Amino acid sequence: MRRLNRSKFSPWVMACACLIVLDASAQLVERGQSAYQIYASPSATKTEHYAATILQDYVARISGCTLPIVQILGDQKKLIYVGFQDVPPSLLGDLDPAAFGEEEYIIQQTGPALLIAGGQPRGTLYGVIGLLRDHFGCRWYTRDVVKVPQSGTLRLEGLPDRQAPAFAYREPWYREAYDTDFAVLNRINPSGVPLPEDRGGSFIMYPFVHTFNMLVPVDTYFAGHPEYFSLVKGKRLGLHNGSQLCLTNPDVLRIATDTVLRWIAEHPEADVFSIDQNDGYGACECPNCAAIDEAEGSRSGTILNFVNQIAGVVAKQHPNVRLQTLAYAYSEVPPKTIRPRPNVTIRMCHYEYCQAHAIGQCEEHRPFVERLEGWSKITDSITIWDYYTNFRHYLIPYPNLASVIAHPRFYAERNCIGLFAQGNNVRTQGGGEFSALRAWVFAQLMWNPWQDGRALIDEFVENVYGPAAPFIAIYLQEAETAVQAKDQRFSIFASLDQMTYLTPEFLTRADALFQEAEAAAQQDPALLKRVELAHLPIHYARLQFYAVGGTAYLSKEAAPPVLAAFKRILAEHQIKQFGEQQGEEAIAELIANVERGPSFVTDWWIIGPFDNTDRAGFDTVYPPETEFDTAKTYPGLGTEPLAWRRYTPGRTAYIDLLPLMTSSESGVAYAGRTFEVEQDTDLKVALGSNDGVKLWLNGALLLSSKASRTARPGDDVVTLPLKQGSNTVLLKIDQIGGGWGFYFSAEP
Ligand SMILES: [Zn+2]
Ligand SMILES: [Zn+2]
């Protein structure tokens, strides 16, 4: 069992307390020749033997000189010891191998001998990678783009070099991060897909997250014991998500404790065990739970009280085992008096805050900052779960690199010990917008957040995009500028309309930059493929807007080649998912919507809101249903009589009723217009509504759909038998919270 171990020293100071008199520098290889051998003890771990092989491999790739790996100590003086085993006391000096953290290492030289060694399990491996990275200039930018400088002479300076990562747990949730070589060489230790033991393994959380339902499963217990589950508005909820446990029920504590003890027995590889609230809300409101939460000023009160009791039992039986629990959504505020036991880690989530600006750049993050500081006063064991993508649109241009480079340092300065950066990862297929760039920059900053993040981005762009780099650098800069204004605000669930920086002008300009980038990459097919992948989000955004009537983004003539490029790039990179729940169906739907080229109707008369208490308004006959006269006014929800207004279309064909209505939580609104036809005609129309919709043609009800949904074009399709002359179409759209509006399109 390994401990969650935060190093207690600043890893970035090269000098170490135990200075040894050294040669000015070690000459490892001179003009392609070397007398050095690599020593890996027979008692070294598999990971350390692997470290010796990558040292040999990369020294050969850099210098052309292959250093032999030996496992027997002779009288050879020019040795590179990989690992602490068998190191002579004269080389160790004052070093105490047992004092090294599990990922901490030292590179030092005594006389001609060199030592690269660290704690178990990953210190020595990270030392070799640190040597290759920091001293020889190697980089592993993507799965395909690796930088190996070429030099026949390798000299080592700046020793001793002792380092440890800022965060004990480092997981950027991007596709590249789950490639074994990329992860190992960039020194991240993801739990989502653990690295093989012989490559150092990973920091393992078991289970990963949201574990209440695993501790006390709804399916097993709800029927017989509804009282085990959360009481919400007087009802016990038995959902997998959206309900929680009754955390003051002694049977729940007993069952959960038994489950945790079983996990510990079955998973000796785990670094920490998760006792986490389910996703969603629904905390228990029973008198016992409510009493604790009220006294503690937070729902975290019952959670921590519960976790601490399990931790007490665990501490007696397994003194080195750690538990963790979430401070997430309803439990973000720290409790007033309860303190996490020493074997409990808090996993705090920076959930649903402004994504346009980094922490420190806008006021919206203030509550989170205050809560984090509150937690940090009561524990020095906080892991952060942060969010860096749009969950609905992994491919959308998402200019939040300012957060990517600022947040790791912010967290490190508050003594956080782990960082999970939830990005646009799709495990086995495709990636999201600038997935590789984000994975690499995060990996570097999770090791050392005090590096210059801007310089890292520039370095990546320059090395990965080569001659196309200048155009991509300009694009990234302009994208960031587009969201800097104070009024920019979007969330991790933002819809197209909420990402106001995605103007037609912005995307047209971006498209031109990527076209120049592609032109610059023409001579290099592999580079061209990478540039096209970077271009993909621009195609995606333009097509998404076009599909919902954003004709300023793409004309009917311009759409087909963009769609063709989009489909080709998707296929070449095997991208089959572009959102948390947007799989191949969503891709097919987007493509179908673009190909269909629907003709949206956006000129409507609008009136509302009328009352919709308890959703009764949906079936209440208000005056617009009996007469369509845009000159009339009627009493409605507001203090003034309601009048018909002409709708002014926005960037898309979505008719957004929300800004027009005095009530945002509840109501019904009407939209009406006439269609003139020269002869009797059947007109097929598609509707998307948020929430429910009714449609009348010339007073006859043709559609009634009491839905609760987000509007998507084509939710309902209905054929309108239009009569020669003027026809009145009336829509009724009801509101039960959230967005309020509709799409209306004539279908071919
Ligand atoms: Zn309860
Ligand atoms: Zn902001």
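These numbers come from the heavy atoms of this one structure, side chains and all, not from hydrogens, waters or symmetry mates. Since this is a predicted model, take the numbers as computed values, not measurements. Start at 1 and go down the list; that is how both ligands and their atoms are numbered.
A ring-centre distance under 6.0 Å is found for Phe490 and Tyr501. When ring centroids are compared, His210 and Tyr328 come within the 6.0 Å threshold.
In this structure, Gln477 places its CD atom where only 12 or fewer heavy-atom neighbours from other residues, nucleotides or ligands lie under 6.0 Å away.
Between Phe420 and the choices Tyr388, Tyr387, Tyr411, Phe208, the ring pair (Phe, Tyr, Trp, His ring centres under 6.0 Å) rule is met once, by Phe208.
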Show, in sequence, the C-alpha distance, side-chain angles and deciding distance for Phe222 and Tyr228, and conclude whether the ring pair (Phe, Tyr, Trp, His ring centres under 6.0 Å) test is met. CA-CA 7 Å; Phe222 188 73; Tyr228 289 0; 9.9 Å; no
Under the criterion ring pair (Phe, Tyr, Trp, His ring centres under 6.0 Å), I'd like the reasoning laid out for His365 against Phe368: C-alpha separation, chi angles, the key distance, then a yes or no. CA-CA 5 Å; His365 300 283; Phe368 173 79; 7.7 Å; no
What's the verdict on ring pair (Phe, Tyr, Trp, His ring centres under 6.0 Å) for Tyr540 and His393, showing C-alpha distance, side-chain angles and the deciding distance? CA-CA 9 Å; Tyr540 173 80; His393 299 282; 5.8 Å; yes
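Distances from the Zn ion (ligand 2) under 2.8 Å pick out these protein N/O/S atoms: Cys354 SG, His357 ND1, Cys362 SG. Near-neighbour remark for the Zn ion (ligand 1): protein N, O or S atoms under 2.8 Å are Cys246 SG, Cys284 SG, Cys286 SG, Cys289 SG; waters not counted.
Not a single donor-acceptor pair under 3.5 Å links the side chain of Asn186 to the backbone N or O of Ala443.
Geometrically, Arg414 engages Phe410 in a cation-pi contact defined by less than 6.0 Å to the ring centre and at most 45° from the axis.
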